[in-house]
There are 2 protein chains.
Amino acid sequence: MTREVPLPETSEDAPETLLTPAEVAQLFRVDPKTVTRWAQSGKLSSIRTLGGHRRYPQSEVMRLLDAGKAQREDS
Amino acid sequence: MTREVPLPETSEDAPETLLTPAEVAQLFRVDPKTVTRWAQSGKLSSIRTLGGHRRYPQSEVMRLLDAGKAQREDS
DNA sequence: CGTGAGTCGGGTAATTTGGGGC
DNA sequence: TATGTCCAAATTACCCGACTCA
């Protein structure tokens, strides 16, 4: 049973789901290293764990996936 | 049975909300064990229950989340 | 006072990072 | 310019048994 206390969200809580580099890489069918390069070049937002590993917002990844899937090349 | 949950303090005193290892882990998309290592290495402050379990200040967790943010250059 | 979920510990795989070169 | 691969070091994930929490 999960704890059910009234979490007094200090401000605005965005339960943003995060994806690991491997997960994003599989979605795009590229190497995890490529995903890292996207993040480094500012093409993709990223969050850092306290150990330095990157986590990517699922919502943005999905948006970028949809942006280029139904199109033949580019409209 | 009466439960000792953090009441929404209406005045002074820092109503510091404490998060469980599992909650912090979900926010960073890491394993609860990883959060424990962060606390052990001093990267994250923690409170100990009388039984030895760790609790983490929500405010600090949120601050660290924002600190590791890297947005896209184009928004 | 039981019960189930969560969190200790430690150990050992798997993943990620960063740089360099193709 | 963009992606894939090799490398070593660092970080993280999963395994267990025992204990704590609600």
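Bear in mind that the values here come from a model prediction, so they are computed numbers and not experimental data. Every chain is numbered from 1 and lettered A, B, ... according to where its sequence line falls, protein lines coming before strand lines.
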Quick one: [X] [atom1] to [N] [atom2], roughly how many Å, whole number?
X     : N      : atom1 : atom2 : answer
B:D31 : C:dA14 : CG    : C1'   : 13 Å
A:R55 : D:dA13 : CZ    : C1'   : 10 Å
A:R37 : C:dG19 : CZ    : P     : 12 Å
A:I47 : C:dT16 : CD1   : P     : 17 Å
B:Q40 : C:dG10 : CD    : C1'   : 10 Å
B:R48 : C:dG9  : CZ    : C1'   : 10 Å
B:L50 : D:dA22 : CG    : P     : 10 Å
B:L18 : D:dA22 : CG    : P     : 11 Å

Counting heavy atoms not belonging to A:R29, are there more than 12 under 6.0 Å from its CZ?
no
Nearest 0.5 angstrom please: A:S41 OG to B:R72 CZ, how far?
10.5 Å
Within the pair [X] and [N], is there a side-chain N or O less than 4.0 Å away from OP1 or OP2?
X     : N      : answer
A:W38 : D:dA2  : no
B:T20 : C:dT7  : yes
A:T49 : D:dT12 : yes
A:T34 : D:dA2  : no

Residue closer to the 5' end of DNA chain C, B:Y56 versus A:A22 (nearest nucleotide)
B:Y56
Indicate yes or no: at least one non-hydrogen side-chain atom of A:L65 is less than 4.5 angstrom from one of A:M62.
yes
Between B:W38 and B:Y56, ring centroids under 6.0 Å
no
With a non-hydrogen cut-off below 4.0 angstrom, is A:E23 in contact with a base, only sugar-phosphate, or nothing?
nothing
Just checking A:R54: base, sugar-phosphate only, or nothing, at a heavy-atom cut-off of under 4.0 Å?
sugar-phosphate
State which of C:dT7, C:dC8, C:dG18 makes the closest approach to the side chain of A:T36.
C:dG18
Thinking salt bridges, do A:D66 and A:R63 make one under a 4.0 Å N-O criterion?
no
Does A:K33 get its side chain close enough to the base of C:dG18, under 3.5 Å, for a donor-acceptor pair?
yes
